[in-house]
Colleague: 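For reference, the structure I am asking about is given below.
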Amino acid sequence: MIGAGFGGLAAALRLSAAGHRVTVLERAAEIGGKARTVEVAGRAIDAGPTVFTMRWVFEDLFRTAGLSLDDHVRLTPARVLARHAWPDGSRLDLFADLEESAQAIGAFAGSAEAARYRDFAARTGRAYDLFRDSFIAASRPNPISMLTRLGPAGTLGLLDARPAANMYAAIADMLQDDRLRQLFARYATYCGSSPFRAPGTLMLIAHVERLGVWQVAGGMKALAAAIGRAVEISGGAIRTGAEVERIESTRDRVSGVRLADGEVIEADAVVFAGDVGALGQGLLGPSAQRAVKPTQARDRSLSALVFSAVARPRGFPLAYHTVFFGPDYRGEFDALADGRLPRDPTTYVCALDRSGDHDAPAAGDERLHILVNAPAIGDIRALEQTEIETCRSETEALMAKAGLTLSLDPATTRITTPVEFHRRFPGTGGALYGAATHGPVASFRRATSATRLAGLVLAGGSVHPGAGVPMATLSGALAATLAERHLARVG
């Protein structure tokens with residue numbers, strides 16, 4: 001197993017629980033992949049994914065190993081899914097309860113828009129029900145196999161999900177308030193994609209979040225650590241600081257791996273849970289390179305500029321998850337497509353020391369995870385300091401227009417750029433979500449767990465079913481199933 005992100009850990013847990021001898025090799029000093037923390041002013045701050053959804057994925061994973069998720073991870077359901085704010089001072093909370101959200105939208109944009117929101121919620125719910133088994137949890141889906149699973153009635157429902165329209169246009173046909181269009185179109189960025197190029201089917205992400213968001217005690221890194229402990233309980237081994245230099249093969253079949261220190265580990269199957277772009281660029285040897293299709297730079301998903309800060313926000317009641325929207329949404333994604341940081345970018349703030357809807361710490365500075373979208377150019381050029389400073393000041397100004405006073409002190413702020421993401425995740429340029437989901441058939445072009453090299457299997461957010469912690473975890477289940485088939489042939 002190469003890589004101890006959620007995809008690799010999930011595959012390792014399923015395989016070790018099934019009785020296979022599993023070794024997880026992780027080049028970093030700690031497991032978790034993109035779920036990591038950085039230290040600022042002596043305090044640990046989450047610097048990766050922060051939104052926990054699709055709880056059933058993790059319950060099923062632990063159940064497979066004869067364990068209970070609740071015994072290993074403490075989860076608190078959120079009443080407020082997220083708080084949203086605009087430069088005109090308007091604010092809107094979305095809630096776990098659909099009717100509570102509808103009432104909030106009614107007060108925000110009128111009763112007619114609340115009715116349209118209810119219809120939108122029903123449509124995204126139907127889309128999720130259609131795609132959960134026919135696509136999300138399916139191994140190696142293609143349009144024909146998906147339509148076969150859906151049947152005639154499901155195929156008609158598929159048209160209702162607007163796969164041929166871009167996501168923003170599809171939402172604009174259902175909601176009239178520009179702020180709500182902006183809010184729900186933002187879910188495309190959960191896949192690192194532009195809402196003006198992503199297919200309308202990604203609207204279903206709104207339903208996924210509405211099914212429940214939980215706060216994880218200790219953050220996503222704690223979740224990764226819990227899965228890692230479960231791997232070891234099930235008999236698997238995890239080695240950190242173990243960098244794989246090459247995937248070895250014999251007679252067109254994987255035979256093991258060679259580490260950077262020269263150690264060779266033989267294996268009947270290898271699960272690669274890094275970004276598939278690293279294989280396509282030949283970073284793990286020619287056999288693995290020939291086994292996959294290369295990822296083109298133009299197809300990369302978004303990267304990010306992340307400010308990990310200890311600061312004191314004033315004047316605005318931050319929720320655990322808060323999003324500040326800029327005035328020119330289309331211009332933001334035009335800039336990103338051109339390889340530039342956008343002006344007045346949409347800004348996500350995770351107030352890590354808060355719980356509930358807006359419970360502030362009793363006193364003192366707070367730990368804040370602040371993210372703006374950035375182009376995946378980490379292997380092309382470094383962002384100039386002037387670009388970063390301009391982005392920081394514009395982000396502070398955007399939040400100030402919405403009522404939040406926040407000054408990021410360089411002494412208590414650590415900035416992660418696409419260059420650092422590229423260094424941590426080679427072959428990506430800093431892209432955090434694999435390939436972007438652009439166009440109506442983009443999801444079918446995504447790499448699956450199968451490769452051209454027998455015994456080499458893929459997992460992680462860059463392969464099917466897609467990016468994000470629950471999707472990467474599902475990819476581990478698909479990878480484990482395929483790896484077991486390979487092992488049965490050689491056993």
Colleague: To the closest 0.5 Å, what do you measure between CD1 (Ile2) and CG (Leu284)?
Modeller: 5.5 Å

Colleague: Of Tyr128, Phe120, Tyr187, which meets side-chain contact (heavy atoms from CB on, under 4.5 Å) against His207?
Modeller: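 That would be Tyr128; it is the only one of Tyr128, Phe120, Tyr187 passing the side-chain contact (heavy atoms from CB on, under 4.5 Å) with His207.
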
Colleague: To the nearest 0.5 Å, what is the distance between CG (Leu398) and OG1 (Thr346)?
Modeller: 7.5 Å

Colleague: Got a salt bridge between Arg79 and Asp93, using NZ or NE/NH1/NH2 to carboxylate O under 4.0 Å?
Modeller: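 A salt bridge is absent here (no side-chain N lies under 4.0 Å from a carboxylate O).
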
Colleague: If you compare all heavy atoms of Leu408 against all heavy atoms of Arg392, which two are closest, and at what distance to 0.1 Å?
Modeller: CD1-CG, 4.1 Å

Colleague: I'd like to know if the side chain of Ser301 and the backbone of Tyr433 have a donor-acceptor N/O pair within less than 3.5 Å.
Modeller: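 Pair found, side chain donor or acceptor close to backbone of Tyr433.
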
Colleague: Does Thr451 use its side chain to pair, donor to acceptor, with the backbone of Leu456 at less than 3.5 Å?
Modeller: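 Yes, the answer is positive, given that a donor and an acceptor are paired below the 3.5 Å cut-off.
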
Colleague: Are the side chain of Ser303 and the backbone of Gly430 linked by a donor-acceptor contact shorter than 3.5 Å?
Modeller: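 Judged by distance alone, yes, a pair lies under 3.5 Å.
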
Colleague: When you look at Glu332 and Arg186, which way does the salt bridge (charged side-chain N to carboxylate O under 4.0 Å, His left out) test go after all the steps?
Modeller: CA-CA 12 Å; Glu332 177 175 344; Arg186 176 181 168 269; over 6 Å; no

Colleague: Counting only N and O atoms by type, is there a donor-acceptor contact under 3.5 Å from the side chain of Ser355 to the main-chain atoms of Asp353?
Modeller: no

Colleague: Tell me whether Arg343 is salt-bridged to Glu394, with the criterion being a basic N under 4.0 Å from an acidic carboxylate O.
Modeller: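 Here Arg343 pairs with Glu394 in a salt bridge, since their nearest N and O are under 4.0 Å apart.
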
Colleague: Identify the heavy atoms of Ala472 and Gly460 that sit nearest to each other, and give their distance.
Modeller: CB-C, 4.1 Å

Colleague: Under 3.5 Å, is there a donor-acceptor pair between the Arg36 and Thr416 side chains?
Modeller: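 Yes, a side-chain donor-acceptor pair sits under 3.5 Å.
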
Colleague: Report the distance from atom CD of Glu30 to atom NZ of Lys221, rounding to the nearest 0.5 Å.
Modeller: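 Answer rounded to 0.5 Å: 3.5 Å.
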
Colleague: Can you find a heavy atom in the side chain of Ile370 that is under 4.5 Å from one in the side chain of Val306?
Modeller: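 They are not in contact (no side-chain heavy atoms under 4.5 Å apart), so the answer is no.
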
Colleague: Side chain of Arg210, backbone of Asp97: donor and acceptor closer than 3.5 Å?
Modeller: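 Answer holds: no.
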
Colleague: Relative to Phe333, does Arg197 satisfy both conditions: NZ or CZ under 6.0 angstrom from the six-membered ring centre, and within 45 degrees of the ring's axis?
Modeller: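 Because its charged atom misses either the 6.0 Å distance or the 45° angle limit, Arg197 does not stack over Phe333.
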
Colleague: Please step through side chain to side chain contact (heavy atoms under 4.5 Å, CB included) for the pair Phe58 and Val469, ending with a clear verdict.
Modeller: CA-CA 10 Å; Phe58 304 93; Val469 172; 3.6 Å; yes

Colleague: Would you call the rings of Phe425 and Phe421 parallel, tilted or perpendicular, where under 30° means parallel and over 60° means perpendicular?
Modeller: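 Taking Phe421 first and then Phe425, their aromatic rings lie parallel (interplane angle under 30°).
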
Colleague: Assess whether a salt bridge exists between Arg181 and Asp178, defined as any Lys/Arg side-chain N lying under 4.0 Å from an Asp/Glu carboxylate O.
Modeller: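 The answer is yes: the pair qualifies as a salt bridge.
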
Colleague: Do Phe325 and Thr347 have side chains that get closer than 4.5 Å, going by heavy atoms?
Modeller: no

Colleague: Is there a side-chain contact between Leu318 and Leu404 (heavy atoms, below 4.5 Å)?
Modeller: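 When only atoms from C-beta onward are counted, Leu404 and Leu318 do touch, with a gap below 4.5 Å.
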
Colleague: So that I can tick it off, tell me whether Glu387 and Arg340 are bridged by a salt bridge, with the cut-off set at under 4.0 angstrom between side-chain N and carboxylate O.
Modeller: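 Salt bridge flag = no for Glu387 with Arg340.
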
Colleague: Can you give me the closest heavy-atom contact between Ala4 and Val24, atom names plus distance?
Modeller: CB-CG1, 3.9 Å

Colleague: Hey, what do you get for CG (Leu81) to OH (Tyr320), rounding to the nearest 0.5 Å?
Modeller: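 Answer rounded to 0.5 Å: 14.0 Å.
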
Colleague: Check the pair Tyr117, Leu180 against side chain to side chain contact (heavy atoms under 4.5 Å, CB included), reporting the backbone distance first and the verdict last.
Modeller: CA-CA 9 Å; Tyr117 167 73; Leu180 292 179; 5.7 Å; no

Colleague: Please report the shortest heavy-atom distance between Ile415 and Glu420, naming the atom on each side.
Modeller: O-OE1, 4.2 Å

Colleague: Strictly below 4.0 Å, N to O, side chains only: are Arg63 and Asp60 in salt-bridge contact?
Modeller: yes

Colleague: Can you confirm whether Leu279 sits close enough to Leu458 that some side-chain heavy atom of one is under 4.5 Å from a side-chain heavy atom of the other?
Modeller: yes

Colleague: Could you measure the distance from the CD1 atom of Ile205 to the OG1 atom of Thr53? Nearest 0.5 Å is fine.
Modeller: 9.0 Å

Colleague: Work out which heavy atom in Asp46 is nearest to a heavy atom in His369; give both atom names and the distance.
Modeller: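 Here Asp46 and His369 meet closest at O-ND1, 3.2 Å.
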
Colleague: Please answer whether the main-chain N or O of Arg290 pairs with a side-chain N or O of Arg452 as donor and acceptor at a distance below 3.5 Å.
Modeller: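 Here the side-chain-to-backbone pair exists.
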
Colleague: Would Thr390 and Ile388 count as a side chain to side chain contact (heavy atoms under 4.5 Å, CB included) if you check the C-alpha gap in whole Å, the side-chain angles of each, and the deciding distance to 0.1 Å?
Modeller: CA-CA 5 Å; Thr390 297; Ile388 295 172; over 6 Å; no

Colleague: Rounded at 0.5 Å granularity, tell me how far CG in Leu432 sits from NZ in Lys34.
Modeller: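 Output value for this atom pair is 6.0 Å.
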
Colleague: Would you say that Thr413 contacts Val40 through its side chain, given a criterion of any heavy-atom pair below 4.5 Å between the two side chains?
Modeller: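 No, too far: nothing below the 4.5 Å cut-off.
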
Colleague: Looking only at the side chains, is there a donor atom on one of Thr50 and Tyr348 sitting less than 3.5 Å from an acceptor on the other?
Modeller: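 Their side chains do contain a donor-acceptor pair, which is all the 3.5 Å distance test asks for.
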
Colleague: For Phe324 and Phe316, I'd like to know if the aromatic rings sit close, meaning centre-to-centre distance below 6.0 Å.
Modeller: yes

Colleague: Are there more than 12 heavy atoms of other residues, nucleotides or ligands under 6.0 Å from atom CZ of Arg381?
Modeller: yes

Colleague: Run the numbers on Asp88 and Arg179 for side chain to side chain contact (heavy atoms under 4.5 Å, CB included), then give the verdict.
Modeller: CA-CA 11 Å; Asp88 63 2; Arg179 296 166 300 177; 4.2 Å; yes

Colleague: Do the non-hydrogen side-chain atoms of Pro199 and Thr437 ever get within less than 4.5 Å of each other?
Modeller: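 Yes, their side chains come closer than 4.5 Å.
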
Colleague: Measuring only between side-chain heavy atoms, which start at C-beta, is Met54 closer than 4.5 Å to Val208?
Modeller: yes

Colleague: Strictly distance-based, threshold 3.5 Å: is any side-chain N or O of Thr395 a donor or acceptor partner for the main-chain N or O of Cys391?
Modeller: yes

Colleague: Got a donor-acceptor contact below 3.5 angstrom from the Gln281 side chain to the Gly427 backbone?
Modeller: yes

Colleague: Which atom pair, heavy atoms only, marks the closest approach of Asn166 to Pro195?
Modeller: OD1-O, 3.5 Å

Colleague: Between the main-chain N or O of Ala436 and the side-chain N or O of Arg300, is there a donor-acceptor pair closer than 3.5 Å?
Modeller: no

Colleague: Are Phe108 and Trp86, when compared by the centres of their aromatic rings, separated by less than 6.0 Å?
Modeller: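 Distance test on ring centres: under 6.0 Å, yes.
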
Colleague: Are Arg14 and Thr64 linked by a side-chain donor-acceptor pair shorter than 3.5 Å?
Modeller: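 Arg14 vs Thr64: donor-acceptor pair found between side chains.
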
Colleague: If we only count heavy atoms from C-beta on, is the Met203 to Met174 side-chain gap below 4.5 Å?
Modeller: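 In short, these two side chains touch, coming nearer than 4.5 Å.
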
Colleague: Under 3.5 Å, side chain of Gln182 to main-chain N/O of Gly326, donor-acceptor pair present?
Modeller: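 Yes, Gln182 side chain to Gly326 backbone: donor-acceptor pair under 3.5 Å.
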
